[in-house]
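Beneath this line is the structure, given in structure tokens, with notes to follow.
Just so you know, these numbers come straight off a predicted model, no measurement behind them.
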Amino acid sequence: VTWNSDKTTVVTVDQNGKVNALTEGTATVTATAGGKSATCVVTVSDAVIINAPEQLQVAFEDASSNPDSPTKIRLGAGFELELCYGETSDPHRYIELDGGGFTLSNVTGSESDVVTIESTTLKLSNIKMNTTDDSNCVIALYPTNTKLILGSGAKLDNPTGRAVYVFEGCQLIMDEGSSVNGRIVLQTNKYNSDEGGIFFYKGGTWENAELMFSYDNASTLMPMTLTKALANPYKLTFVAQWSMQPSYFPEGGFTVVKGDGYTLTQLDLEKITSLEMDVADSSVTSENCELVLDTAENAIKLRIKATAY
């Protein structure tokens, strides 16, 4: 029998068929004898393979605190999950989770989100995460400095509810090849805070799209940042649980969308199909507010209509 590897930088194979892994990657090993051959694809990875919920919880708890060397996790199965990880006092953890094409969903009958993380940078790829309960969220990012990066093949699915809840001081980044189906909530509830939930759109698809600003006891909010045009139209909802007056609006209005290396146009404004103001005990309504394109600041702003009062 003759043995051969098509990528000797990834794996080598000796005359007895023993494979030696060298670096991360994929190689094809071929065995040939008597004019016939057989092949085997070999994948080399330093990722932790996870097959059960409790294993994933432990992997998160033991994850790297070095940003240059994140813990790599790969799913070997799909399962129901209630993962809650992290405290503000913990060292920041860095995790890259490859779903292997599997699905994580919330536990049937549970009132918990699928994943809740704090003090963590998590990058997802090749995975679907969903919830079957509209009152739950697929992923919630808690303060502070928590970051979720949706990479290629990452899909969060809650078409009639919350896909991602981003609390103040946290970031959501959508990259090319990712997908969100459902509402994205950006929370700001610290008075005089400039650390509202942050959303960077760098690519991907967003279906049943609704951008919700949950705005309580704060003087500002953090806008959605576009580095390219959104492909899908979306709804914008502004929610405040306290009485709000027109005088609370900053001069020129709240910036709700801004461009970064991308120039906003009237087409970007027209992607917002509706505006809903859900403000408790307030004279501020969707009827007396408007969205306008501010070309000087490369922003879309929410402001009180000049004719409203």
Exercise. By ring pair (Phe, Tyr, Trp, His ring centres under 6.0 Å), which residues pair with Y85, not counting sequence neighbours?
Worked result: none

Separation of [Y] [atom2] from [X] [atom1] (nearest 0.5 Å):
{"X": "Q187", "Y": "F167", "atom1": "CD", "atom2": "CZ", "answer": "5.5 Å"}
{"X": "L122", "Y": "I149", "atom1": "CG", "atom2": "CD1", "answer": "8.5 Å"}
{"X": "I184", "Y": "L156", "atom1": "CD1", "atom2": "CG", "answer": "8.5 Å"}
{"X": "L236", "Y": "L291", "atom1": "CG", "atom2": "CG", "answer": "6.0 Å"}
{"X": "D62", "Y": "R93", "atom1": "CG", "atom2": "CZ", "answer": "7.5 Å"}
{"X": "L293", "Y": "L264", "atom1": "CG", "atom2": "CG", "answer": "6.5 Å"}

Looking only at side-chain N and O atoms, does [Y] offer a donor or acceptor that is under 3.5 Å from a partner on [X]?
{"X": "E176", "Y": "S152", "value": "no"}
{"X": "N181", "Y": "D157", "value": "yes"}
{"X": "N106", "Y": "T131", "value": "yes"}
{"X": "D268", "Y": "Y262", "value": "yes"}
{"X": "H92", "Y": "T121", "value": "yes"}
{"X": "E80", "Y": "S105", "value": "no"}

Using side-chain heavy atoms (C-beta onward) and a distance below 4.5 Å, is [X] in contact with [Y]?
{"X": "W3", "Y": "T32", "result": "no"}
{"X": "L104", "Y": "F79", "result": "yes"}
{"X": "M222", "Y": "L186", "result": "no"}
{"X": "Y234", "Y": "K271", "result": "yes"}
{"X": "K147", "Y": "F200", "result": "no"}
{"X": "I73", "Y": "I49", "result": "no"}
{"X": "Y165", "Y": "I139", "result": "no"}
{"X": "D278", "Y": "F238", "result": "no"}

So which heavy atom on [X] is nearest to which on [Y], and how close?
{"X": "D14", "Y": "N16", "answer": "OD1-N, 2.9 Å"}
{"X": "T188", "Y": "G197", "answer": "OG1-N, 4.1 Å"}
{"X": "N130", "Y": "V114", "answer": "O-CG2, 3.3 Å"}
{"X": "I304", "Y": "C289", "answer": "CD1-SG, 3.7 Å"}
{"X": "C84", "Y": "Q57", "answer": "O-NE2, 3.1 Å"}
{"X": "A27", "Y": "S5", "answer": "CB-OG, 4.0 Å"}

Do [X] and [Y] sit in one hydrophobic cluster, given that two such residues count as connected whenever their side-chain heavy atoms are within less than 4.5 Å of each other, even indirectly?
{"X": "L81", "Y": "V107", "answer": "no"}
{"X": "I50", "Y": "Y94", "answer": "no"}
{"X": "L269", "Y": "M277", "answer": "yes"}
{"X": "V1", "Y": "V29", "answer": "yes"}

Can any side-chain N or O of [X] pair as donor or acceptor with the backbone N or O of [Y] at less than 3.5 Å?
{"X": "D6", "Y": "T28", "answer": "yes"}
{"X": "E297", "Y": "D294", "answer": "no"}
{"X": "S125", "Y": "A154", "answer": "no"}
{"X": "D113", "Y": "V115", "answer": "no"}
{"X": "T146", "Y": "Y142", "answer": "yes"}
{"X": "T265", "Y": "L267", "answer": "yes"}
{"X": "N136", "Y": "S112", "answer": "yes"}

Residue [X] excluded, over 12 heavy atoms near [atom1] under 6.0 Å:
{"X": "K258", "atom1": "NZ", "result": "no"}
{"X": "Q266", "atom1": "CD", "result": "yes"}
{"X": "K123", "atom1": "NZ", "result": "no"}

For this session: Indicate yes or no: does K202 engage D175 in a salt bridge with an N to O separation below 4.0 Å.
Result: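 Looking at K202 and D175, the cut-off is not met.
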
Exercise. Any idea how W206 and F199 line up, ring-wise: parallel (<30°), tilted (30 to 60°), or perpendicular (>60°)?
Worked result: perpendicular

For this session: Can you sort out the partners of E61 under salt bridge (Lys or Arg N to Asp or Glu O under 4.0 Å), two or more places apart, ordered by chain and number?
Result: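 E61 satisfies salt bridge (Lys or Arg N to Asp or Glu O under 4.0 Å) with no other residue.
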
For this session: Begin from the C-alpha positions of L56 and E54 and carry the test side-chain contact (heavy atoms from CB on, under 4.5 Å) through to its verdict.
Result: CA-CA 5 Å; L56 189 59; E54 58 271 17; over 6 Å; no

Exercise. When you look at D260 and L226, which way does the side-chain contact (heavy atoms from CB on, under 4.5 Å) test go after all the steps?
Worked result: CA-CA 6 Å; D260 182 8; L226 302 182; over 6 Å; no

Problem set entry | Residue pair R303, V292: steps toward the side-chain contact (heavy atoms from CB on, under 4.5 Å) verdict | CA-CA 8 Å; R303 70 183 187 187; V292 295; 3.6 Å; yes

Problem set entry | Worked check of side chain to side chain donor-acceptor pair (under 3.5 Å) between E96 and T71 | CA-CA 6 Å; E96 293 182 1; T71 293; over 6 Å; no

Problem set entry | Worked verdict on I95 versus T120 for side-chain contact (heavy atoms from CB on, under 4.5 Å) | CA-CA 8 Å; I95 302 167; T120 303; 4.0 Å; yes

